[in-house]
2 protein chains.
Amino acid sequence: MNRIPLPSLRRLPRYLNVLENLQRQGRTTVSATDVADELDLKPIQIRKDMAFTGIVGKPKVGYDINELIDAIRTFIGWHDVTPCVLVGSGSLGTALLGYEGFAKRNLKIVAAFDIDSERYGRIIYGTPVFSMDKLAEVIERDNISMAIITVPTHAAQDVTNSLIAVGIAGIWNFSPTEIQVPPHVVVKRENLSEGLAVLFVKMRERQFRSPD
Amino acid sequence: MNRIPLPSLRRLPRYLNVLENLQRQGRTTVSATDVADELDLKPIQIRKDMAFTGIVGKPKVGYDINELIDAIRTFIGWHDVTPCVLVGSGSLGTALLGYEGFAKRNLKIVAAFDIDSERYGRIIYGTPVFSMDKLAEVIERDNISMAIITVPTHAAQDVTNSLIAVGIAGIWNFSPTEIQVPPHVVVKRENLSEGLAVLFVKMRERQFRSPD
DNA sequence: TAGATTGTTAATCGATTAACAATC
DNA sequence: TAGATTGTTAATCGATTAACAATC
C-alpha cells in the first residue's frame, strides 16, 4: 500500500469520532455512506481513505465497526501508550495538561517543564512540573521520543535545541514560531493564526457568493 | 483573480510571521527566495501565493516589505478589529482568553460565556465572563458575527444552536465534535487529534524511510 | 434471488512546479 | 549594461471523483 495522502490522514480521526459514537449507540456495522452523511463528505472518499488502514469491508454489509475502529487506531498508532513531555506550563500548557481527549488516544504526558521557579515543583492535573534542568534526566529515564512545546515565541528555538540534544524524535509545536530542526526530527506545527486566517477569508467569501 | 486555494491561504500567516521578523530587523525589501529559505518552501510557491493578495513586486528587487505585510493583512482581514465572543471558560477557553497573538491580528474577544455559576461574573485576562442567558444581548449589542467554542463535547451542539439563533456567521470550533450548522454559517474546526495523528504517522514513516 | 455496497481502474480536478519572457 | 527576480503560461504531480465489475 502506498503512503497515505496528508488530507486522508487528517480525516481518519474524524472518522474515528463518528465510529465511536455509533459504536456507543450499539451499531455493529457501518457503511461508507453512513460516515459520509455524518461529515458531509462523499462515500467514495471514505472508502478510499479507509483502505489505507488495511481494513476490508463486505459488499452489501459495510464494515465491522469494531474492526474498523481497531484498524484506524492501529494505523495511527493510538493502540499503545505513547509517553511524552510538555515544555511550558503557561495557560496553553495547562490547558493541554488538563485535556481529557489525550487519554482516549493513549497519549500520556508524564512530565511538564518550565523555567519559572513559580511554576516548577507544582502538579497540574496530575502531572508534575519540573525545572528545565531535569529535562534530559526525565526523557532518558522514561525513554521519551515526543515533546509538546507550549512556550512563548522567544523561547521556542532554545527549547527545541534542548529537546534535540536529548534525542527527541517528534515535536508538537504550539508556539507561533517556525522552529528549525535537523531532518531526522519530525515537527507538527499547531499555529492558531492559520485557522483564524481560514475562518476570516471563508466568512468573507460566504458573504459575496451564493453558498454553492 | 481566482479564489485562493486553501493550502495557499494557510501559508499566508506563516509568511506574515517571517516578514514581520525581517521588518523588525530593519529590512525594507524581501524576495520570494528569502521567505522560501526561511520556511523550507520553493520561491515559485511564495510568488504564486503572494499574487493572490494583489501585491506586485519589482523584478530584481523583490517586494516592498511594508507593502507586502499590508497586502497580506488586508487580504485576510486583519486590518480592522474583529470583535468576537468565546463560549466555555474552562482551561482551553482561559488559555485562548490569555493568548496575546490575537491582539496582533486584531481579534478582540469582548466577552466570554459559561453555564457554570462558579465561572461567570469573573474577569479572565481582562475579559468578563457572563452567564449563557446574556449571550443574545451581548452579541446584538456589539454586533458580533464570530464566536469561539471551547465547551466540552456534550455541550457543543447546544451552544452552536444558540449561536446560530442569534445570527452568528462564523464559528471557530475547538471542541472535539463535528457541529451541524446551516449552509450560511462558516465553521473552522480546530481538532487536536488531527494534528496528533499527523505527527504520529510522520514519526513512524521517518523511522522506516530515508529522510528524503 | 435482487440489490446494496465494496474495491479497483480510469477520468477529472486542482495545486505545485517548471520554463521563460519581461524588466528594474 | 548585465543579471537577478518577477509574473505568466505550460507541464507535472497528486488527490478527488466517477464508473463499474465483483459479491455478500
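Computation of the quantities below employed the complete heavy-atom set of this structure, encompassing side-chain atoms and omitting hydrogens, waters and symmetry-equivalent molecules. Labels below follow one simple rule: chain letters A, B, ... track the order of the sequence lines, proteins then strands, and each chain is numbered from 1.
Side-chain N/O atoms of Gln23(B) and Asn66(B) include a donor and acceptor closer than 3.5 Å.
Mapped onto DNA chain D by nearest heavy atom, Val56(B) and Pro5(A) fall at different nucleotides, with Val56(B) at the one closer to the 5' end.
Residues that satisfy the side-chain contact (heavy atoms from CB on, under 4.5 Å) test with Pro83(A), not counting sequence neighbours, are Val110(A), Ile144(A). Qualifying side-chain contact (heavy atoms from CB on, under 4.5 Å) partners for Thr94(A), counting only residues two or more places apart in sequence or in other chains: Ile124(A), Tyr125(A). Applying the side-chain contact (heavy atoms from CB on, under 4.5 Å) rule to Ile44(A) yields the partners Lys42(A), Arg47(A); only residues at least two apart in sequence or on another chain are considered. The side-chain contact (heavy atoms from CB on, under 4.5 Å) check on Glu67(B) picks up Ile55(B), Asp64(B), with sequence neighbours excluded. Listed by chain and residue number, nothing satisfies the side chain to side chain donor-acceptor pair (under 3.5 Å) test with Arg10(A) (two or more places apart in sequence, or in another chain). Partners of Phe130(B) by ring pair (Phe, Tyr, Trp, His ring centres under 6.0 Å), not counting sequence neighbours, listed by chain and number: Phe113(B). Remark: Asp116(A) engages no residue in a side chain to side chain donor-acceptor pair (under 3.5 Å) (not counting sequence neighbours).
Taking atom CG of Leu41(A) as the reference point, atom C1' of dT16(D) lies 11 Å away to the nearest angstrom. Atom-to-atom, CD1 of Ile55(A) to P of dT8(C) comes out at 13 Å; the value is rounded to the nearest Å. Between the CZ atom of Phe52(B) and the C1' atom of dG7(D) there is a distance of 13 Å, given to the nearest Å. One interatomic measurement links the two molecules: CG of Leu9(B) to P of dT16(C), which rounds to 12 Å at whole-angstrom precision. Note: CD (Glu67(B)) to P (dT6(D)) measures 14 Å, nearest angstrom. Across the protein-nucleic acid pair, Arg3(B) atom CZ and dC13(C) atom P stand 16 Å apart, rounded to whole Å. Note: CG (Asp49(B)) to P (dT16(C)) measures 7 Å, nearest angstrom. In this structure, Leu68(B) atom CG and dT6(D) atom C1' are separated by 13 Å, rounded to whole Å.
Every pair passing salt bridge (charged side-chain N to carboxylate O under 4.0 Å, His left out) that includes a residue from residues 83-110 of chain A is listed here, sequence neighbours excluded: Glu20(A)-Lys104(A), Glu20(A)-Arg105(A). Sorted by first and then second residue, the side chain to side chain donor-acceptor pair (under 3.5 Å) pairs involving residues 51-63 of chain A (not counting sequence neighbours) form an empty list.
Near DNA chain C, meaning a heavy atom under 4.0 Å away, there are no residues from residues 12-38 of chain B.
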*Once Watson-Crick and G-U wobble pairs under 3.5 Å are found, how is DNA chain D written in dot-bracket notation, 5' to 3', with | for any base paired to another strand?*
..||||||||||||||||||||||
_Return a single string for nucleotides 17-24 of chain C, one symbol per nucleotide in 5' to 3' order, where B is base contact, S is sugar-phosphate-only contact and - is none, cutoff 4.0 angstrom on heavy atoms._
BBB---BB
*asked:* One pair to check against salt bridge (Lys or Arg N to Asp or Glu O under 4.0 Å): Glu38(A) and Arg14(A). What are the steps and the verdict?
replied: CA-CA 10 Å; Glu38(A) 206 71 32; Arg14(A) 303 178 64 194; over 6 Å; no
